[in-house]
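A quick write-up on the structure given underneath.
Both ligands and their constituent atoms are indexed starting at 1 by order of listing. Quick caveat, the model's predicted, so the values are computed rather than measured. For the numbers below, each heavy atom of this structure counts, side chains included, while hydrogens, waters and symmetry mates do not. We number each residue from 1, following the sequence as shown.
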Amino acid sequence: MSPPVFRFAPSPNGRLHLGHALSALRNEAEARRLGGRLLLRIEDIDAERSRPAFEAAIISDLDWLGIRFDDVVRRQSEHMADYHAALDVLRGRGLIYACRCSRSDIRSAWAASGLAGRHDPDGAPLYPGTCRPALDGAGSERLDVDVETALAWRLDMARALDAVGPDAGYKLFMPDAPETWCPVQPARWGDVLLARKHTPTSYHLSVVVDDALQGVTHVVRGRDLEAATDIHVVLQKLLGLPTPQYQFHDLVLDEQGLKLAKSRNAPALADLREAGITPADVRRQLGFA
Ligand code: GLU
């Protein structure tokens, strides 16, 4: 049997902080425990926010922490054709549709619809379905819009769930507990965006395609991505890709009890290093003595 494959997948839109360090170290620890390989993937599909300088800094911070990766780095921006091909498969199955709504269109249609007040697990208003083709086929010309010319592409969640069937789920593996089966509840996300005109893929689509192409068998990620995993399982089923096992770790919180974030000025690992903190201190502080 081939060894398990893990990955750490940061986005190069800022410096790494302790939250990233925890995720990377937990992947390293689990890969060691299960005799697996550990890959590094740079999630740089957002051309506006990603910077080569941040990528270089991420690689040097991980090196400073003493984490070693197997194989070459996969950079998502170099694989847009893979995501395009996956989107085309979904389009061919009539499972996505072109959406022309702006954010303000969505807010006003949502406020006037039966979904008013209902949000997805990330707190965004549920898409009210303005551009969704009707089940009787009315509006289905939207399925023929060229992938390049639509403003955005959305998954038709009701059709997707019909195609996937009722038993979708994933195996949860934790360090100190027996494996458990987690059924997914993707309907609470509504018709999620899978691609936009200027970023012709999305976090959800590219993460699913890459995990499969890189042979990832075990995904260790923060609890903030637990609900999004339900979307990933649906996409894996629709695209005929294997579902990895998943593990979710607690988040590192700041003094206000909020998740560390670049936008709230969480100190970068580089700042800690400059203040004289060592990689051993970071490992100890995060529980990896
Ligand atoms: N790139 C994502 C992030 O930095 C994490 C990737 C994942 O675990 O799917 O939050």
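The nearest protein atom to atom 6 (C) of ligand 1, hydrogens excluded, is given as Glu43 OE1, 3.5 Å; this is a heavy-atom distance. The nearest protein atom to atom 3 (C) of ligand 1, hydrogens excluded, is given as Ala9 O, 4.0 Å; this is a heavy-atom distance. Closest protein heavy atom to atom 9 (O) of ligand 1: Tyr203 OH, 2.6 Å.
Of all atoms in ligand 1, listed by their number and element, those nearer than 4.0 Å to a heavy atom of Ser11 are 1 (N), 4 (O). Listed by number with element, the atoms of ligand 1 under 4.0 angstrom from any heavy atom of Arg221 are 7 (C), 8 (O), 9 (O). Contact atoms of ligand 1 toward Val207: 9 (O) (distance under 4.0 Å to a heavy atom of the residue).
Interatomic distance, Arg264 CZ to Gln256 CD, rounded to the nearest 0.5 Å: 7.5 Å.
Under a 4.0 angstrom heavy-atom cut-off, Arg7 registers as being in contact with ligand 1.
Residues Leu18 and Leu286 are in side-chain contact: their nearest non-hydrogen atoms beyond the backbone lie under 4.5 Å apart. Contact of the Thr201 side chain with the His84 side chain is not registered, since no non-hydrogen atoms from C-beta on lie closer than 4.5 Å.
Ring planes of Tyr97 and Tyr127: tilted class, angle from 30 to 60°.
Leu155 and Val234 get closest at one heavy-atom pair: CD2-CG1, 4.4 Å.
No N or O atom of Leu225 sits closer than 3.5 Å to an N or O atom of ligand 1.
Geometrically, Arg273 engages Trp64 in a cation-pi contact defined by less than 6.0 Å to the ring centre and at most 45° from the axis.
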